[in-house]
A.B. asks: 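Right, I'll just put the structure down here and ask away after.
Numbering starts at 1 and runs along the sequence shown. No experiment lies behind these values; they were computed from the predicted model shown. Both counts, for ligands and for their atoms, begin at 1 and track the order of listing. The analysis underlying the following values was restricted to heavy atoms, covering all of them including side chains, and did not include hydrogens, waters or symmetry mates.
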Amino acid sequence: MKILDGKKLSEEIKNEIAQEVAGIKDAGGKIPHLAAVLIGHNPASESYVRSKVRSCDQVGFESTLIRKDDSITEEELLEIIHELNTSEDVDGFIVQLPLPKHIDEVKVTLAIDPKKDVDGFHPVNFGRMAQGLPCYLPATPYGILQMIERYGIETSGKHVVVVGRSNIVGTPMSILLSRKAKTGNATVTLTHSRTKDLAAEVSRADIVIAAIGIPNFISADMIKEGAVIIDVGINRVEDETRKRGYRLVGDVDFDGVSEKASYVTPVPGGVGPMTVTSLLMNTLKSSRKEIYG
Ligand code: GUN
């Protein structure tokens with residue numbers, strides 16, 4: 001079994017981006033600028049946003065963090081989005097989800113200019129993705145594609161089983177891997193909570209993408225010998241032996257599947273770091289006006 005080392009791969013990609021940024025600087029060009037909007041004090045969101053800002057510093061991007069209390073009104077948030085949409089300086093921005101209950105996430109997503117939607121969440125980018133048109137790919141699926149491609153894992157003609165149908169991971173992943181494209185041409189089964197015999201579906205997969213948010217859900221007895229296992233889950237489970245009082249585990253029983261799989265992503269250090277580099281790549285594309293001119 002080989003580890004799909006997202007931490008190492010993301011460092012390599014960040015080095016490549018840093019070199020590009022150095023080139024832009026030398027040529028006197030505009031430094032790519034990512035902004036992040038963080039509402040409230042959700043610990044997981046705070047940790048993700050911190051990692052996004054730190055990664056910007058690492059590659060030489062400019063970054064702006066806009067923090068607001070969760071008493072912010074929807075109108076106030078929409079006004080911030082309007083300012084970011086029209087800012088000459090900001091190339092791309094994200095509004096970290098989830099948002100407080102009194103704010104409509106769909107309305108917020110729709111308010112973001114697709115040209116600056118480096119998360120790839122706006123339906124314009126989603127629709128363009130589905131039709132194979134230039135777009136910002138959503139960060140997690142984009143990171144998984146990079147990982148599959150850079151590790152030389154064949155997808156053409158393979159059977160992929162995606163577990164979970166969220167708008168930001170499962171559904172786009174199933175579309176991307178079935179495309180007629182370099183990392184695509186797979187036959188994809190998208191499974192979810194109403195799938196009848198989920199274990200039987202997973203057992204047929206050459207590649208499993210687990211994105212359901214249930215700790216250790218995919219076990220060794222469910223997978224085929226030699227399967228590639230991509231674990232998107234980041235679940236906090238209580239652990240008194242840790243200083244923080246919890247540890248992070250994926251949707252996959254890592255130790256169990258390691259006995260049978262050909263490749264496995266660890267948690268942490270697998271898909272997570274790749275997601276952040278995808279956001280940087282989308283921001284670089286935006287600053288170069290690669291997608292929308
Ligand atoms: N919440 C969990 N993942 C993400 C992400 O990729 N982007 C944003 N904006 N919010 C998230």
A.B. asks: For ligand 1, run through the N/O pairs with the protein that fall under 3.5 Å and put one pair on each line.
C.D. replies:
residue	atom	partner	partner atom	Å
ligand 1	1 (N)	Gln96	NE2	3.3
ligand 1	1 (N)	Leu97	O	2.9
ligand 1	7 (N)	Asp119	OD1	3.3
ligand 1	7 (N)	Asp119	OD2	3.1
ligand 1	9 (N)	Val95	O	2.9
ligand 1	9 (N)	Asp119	OD2	2.6
ligand 1	10 (N)	Gln96	NE2	3.4
ligand 1	10 (N)	Leu97	N	2.9

A.B. asks: Could you tell me whether Asp239 and Arg242 have a side-chain N and a carboxylate O separated by less than 4.0 Å?
C.D. replies: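 Answer for the salt bridge query: yes.
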
A.B. asks: Sequence neighbours excluded, which residues qualify as side chain to side chain contact (heavy atoms under 4.5 Å, CB included) partners of Ser203?
C.D. replies: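 For Ser203 there are no side chain to side chain contact (heavy atoms under 4.5 Å, CB included) partners, ignoring immediate neighbours.
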
A.B. asks: Return the orientation label for the Tyr292 and Tyr136 ring planes: parallel under 30°, perpendicular over 60°, tilted otherwise.
C.D. replies: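 The rings of Tyr292 and Tyr136 sit tilted, inter-plane angle from 30° to 60°.
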
A.B. asks: Decide side chain to side chain contact (heavy atoms under 4.5 Å, CB included) for Asn185 and Lys180; before the verdict, give the C-alpha distance in whole Å, the side-chain angles of both, and the deciding distance to 0.1 Å.
C.D. replies: CA-CA 5 Å; Asn185 290 312; Lys180 195 169 183 175; 3.8 Å; yes

A.B. asks: Run the numbers on His33 and Thr64 for side chain to side chain donor-acceptor pair (under 3.5 Å), then give the verdict.
C.D. replies: CA-CA 8 Å; His33 184 172; Thr64 300; 2.7 Å; yes

A.B. asks: Might you point out which heavy atoms bring Val169 and Pro141 nearest each other, and give the distance in Å?
C.D. replies: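 Closest pair (atom of Val169, atom of Pro141, distance): O-CG, 4.1 Å.
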
